[in-house]
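Residue numbering restarts at 1 for every chain, and letters A, B, ... go by the order of the sequence lines. Being a predicted model, the structure only gives us computed values, none of them experimental. Only this structure's heavy atoms are used, side chains among them; waters, hydrogens and symmetry mates stay out.
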Amino acid sequence: MPELPEVEITVRTLKKYIINQKIYDVTIFNGNLRYKIPPNLPKILKSQTINEVKRRSKFILFKTNHNTLLSHLGMTGRYIVKKNSLKLDTSFYNKKNVIKKHNHLLIRFKKFSIIYNDIRKFGFIKIYNNNNISRHLSNLGPEPLSKLFNYKYFEQKIKKRRISIKNILMDQKFVSGLGNIYVNEILYASRINPNTSCFKLKKSQIFRILKFTKLILQSSIKKGGSTILNYHNSEGRTGSYQSEFKVYNRNNDSCLTSGCNKKIIMSIVNGRSQFYCPKCQKL
DNA sequence: CGGGACTCCTGAGGGC
DNA sequence: TGCCCTCAGGAGTCCC
């Protein structure tokens, strides 16, 4: 489940291989994603050069002189880097020469290729002209690691809201890049119950959320993100931050705060599982 | 406004 | 070993 750290790792890895590289050709294996891959994508991208690869929220932006390829990994999307080989690349094809399951797109450069693979098809790939890409990202809130995500912004945005802190942290318009896993971890580290209404938050609590948001995300990026089920980075490596999880997926396990023996509680709110310690995160 | 239900999708994992 | 069922969740939409 790629959230900000996993997308950041993906972008950093891709950069190493495709910056300033000319696109030789693009092949759509299977255009069925959340939105259909534009059929004219290969024609548009052919012979263009990737000038920049960057992350905004959980989106990946591949920039050329004219266009921006905008991609979201959804739940199971990933970009895989493969060295080009003269031989039929067996990682693209299975024994019967059929395109491997879940490979959707192939972008070939001189020495390397990147493949977009997505099991559950919740991700997408869109293409824009550079002059109109920004309005497609204009609804996004500030980056959680930026200085824009600060006390003044936070307090201003939430002071009259009755929405729970868990749900607003998941709202990409409020802050962009967090998902269910990291929000659970941030609230545990901050000692705040996920059901707390925003307007009830004290100043000190807001400061804790800001502090731990930045701390946890940075720490996860350092560890290569989290590997759950099938997340691997573009070089096939796994992250290790999942071993740092304090509450996520620890239903009925003991709280890890020293001196606290309470069991972690799981409940479903807004269709998402939330995990918290009833003692450390009192309402 | 806020939360609930539903949608897309497939594989993992539990129960029997 | 096997089948059936449920569940996971980002993000959008619709509804009350």
When the ring planes of A/His104 and A/Tyr116 are compared, do they come out parallel, tilted or perpendicular, using 30° and 60° as the limits?
tilted
Would you please name every residue forming a ring pair (Phe, Tyr, Trp, His ring centres under 6.0 Å) with A/Phe109, sequence neighbours left out?
none
Report for the helix from B/dG2-C/dC16 to B/dC16-C/dG2: angle between first-end and last-end helix axes, five pairs each, rounded to 10 degrees.
50°
Return the nearest nucleotide to the side chain of A/Asn180; candidates are B/dC1, C/dG10, B/dT10.
C/dG10
Side-chain N or O of A/Gln172 versus OP1/OP2 of C/dA11: is the shortest distance under 4.0 Å?
yes
What pairs with A/Tyr188 under ring pair (Phe, Tyr, Trp, His ring centres under 6.0 Å), at least two apart in sequence or on another chain?
none
Here the side chain to side chain donor-acceptor pair (under 3.5 Å) pairs for residues 208-219 of chain A, sequence neighbours left out, are none
Would you say A/Lys58 places a side-chain N or O within less than 4.0 Å of OP1 or OP2 belonging to C/dA11?
yes
Sequence neighbours excluded, which residues qualify as side-chain hydrogen bond (donor to acceptor under 3.5 Å, both in side chains) partners of A/Asn65?
A/Asn51
List the residues meeting side-chain contact (heavy atoms from CB on, under 4.5 Å) with A/Ile265, not counting sequence neighbours, and say none if there are none.
A/Tyr276, A/Pro278
Could you give all pairs that pass the ring-ring contact (aromatic ring centres under 6.0 Å, His included) test and reach residues 196-218 of chain A, with sequence neighbours left out?
A/Tyr151-A/Phe207
Protein-nucleotide distance (A/Lys166, atom NZ; B/dG2, atom P), rounded to Å:
16 Å
What are the atom names and distances for every N/O pair under 3.5 Å that joins the protein to nucleotides 12-14 of chain C?
| residue | atom | partner | partner atom | Å |
| --- | --- | --- | --- | --- |
| C/dG12 | O4' | A/Arg34 | NH2 | 3.2 |

Between C/dA8, C/dG10, B/dC9, which nucleotide gets closest to the side-chain atoms of A/Lys121?
B/dC9
Check ring pair (Phe, Tyr, Trp, His ring centres under 6.0 Å) between A/His72 and all other residues, then give those that pass, not counting sequence neighbours.
A/Phe59, A/Phe124
Does A/Arg108 have any salt bridge (charged side-chain N to carboxylate O under 4.0 Å, His left out) partners at least two apart in sequence or in another chain, and if so, which?
A/Asp25
Does the structure show A/Phe122 stacking with C/dA11, if we require the centres to be closer than 5.5 Å and the planes to be within less than 30 degrees of parallel?
no
Look at the side-chain N and O atoms of A/His72 and state whether any lies under 4.0 Å from the OP1 or OP2 oxygen of C/dG10.
no
Which residues share a side-chain contact (heavy atoms from CB on, under 4.5 Å) with A/Glu8, sequence neighbours left out
A/Arg12, A/Arg55, A/Ile221
Close N/O contacts between protein and nucleotides 3-5 of chain B (under 3.5 Å):
| residue | atom | partner | partner atom | Å |
| --- | --- | --- | --- | --- |
| B/dG3 | OP1 | A/Ser164 | N | 3.4 |
| B/dG3 | OP2 | A/Asn167 | ND2 | 3.3 |
| B/dG4 | OP2 | A/Asn270 | N | 3.2 |
| B/dG4 | N7 | A/Asn270 | OD1 | 3.4 |

